[in-house]
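Everything below concerns the one structure shown next.
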Amino acid sequence: SRARSFGIEAHLVSPDECARLWPLMKVDDLVGALWLPGDGTANASDVSAALAAGAKQRGTRILEQTRCVGVEHRADGRVSAVNVERRRAGE
């Protein structure tokens with residue numbers, strides 16, 4: 001494939017192999033697919049930093065080195081507070 005010519009690992013896979021690689025995928029209408037094992041990878045530290053930045057922009061306070069001991073939810077299922085050791089974060 002063209003991806004290989006650029007040094008990118010790529011494999012043609014069957015619908016059954018697609019289902020094994022990604023169980024949530026609907027495969028009944030597939031003939032096959034191209035799988036790039038290195039595609040969609042992310043650095044965990046970068047993802048954590050991005051999630052924290054987005055949460056801070058929306059008013060969340062980040063407490064480091066703090067153990068979570070519980071999570072409170074609203075009636076709609078959304079988180080309303082996080083209980084941490086010695087205090088309730090959200091107050």
(message) With a 4.5 Å cut-off on side-chain heavy atoms, are V84 and V69 touching?
(response)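 Sidechains of V84 and V69: no contact.
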
Locate the shortest heavy-atom distance separating [X] from [Y]; write the atom from each residue and the value.
X   : Y   : result
C68 : V82 : SG-CG1, 3.7 Å
E9  : P37 : O-CD, 3.5 Å
V71 : N83 : N-ND2, 4.4 Å
S80 : R74 : CB-CG, 3.8 Å
V27 : P15 : CG1-O, 3.6 Å

Are [X] and [Y] connected in the hydrophobic side-chain network, where two residues link if heavy atoms are under 4.5 Å apart?
X   : Y   : answer
W22 : L30 : yes
M25 : L36 : no
V31 : W35 : no

(message) Please check: side-chain N/O of S48 versus main-chain N/O of D46, any donor-acceptor pairing under 3.5 Å?
(response)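 Such a contact is absent between S48 side chain and D46 backbone.
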
(message) Using a 3.5 Å distance criterion without hydrogens, assess whether the side chain of R58 forms a donor-acceptor pair with backbone atoms of G54.
(response)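 The answer is yes, because a donor-acceptor pair under 3.5 Å joins these two groups.
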
(message) Counting only heavy atoms not in R67 (residues, nucleotides, ligands), do more than 12 fall under 6.0 Å from its CZ?
(response)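 Atom CZ in R67 is not packed in, count stays at 12 or less.
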
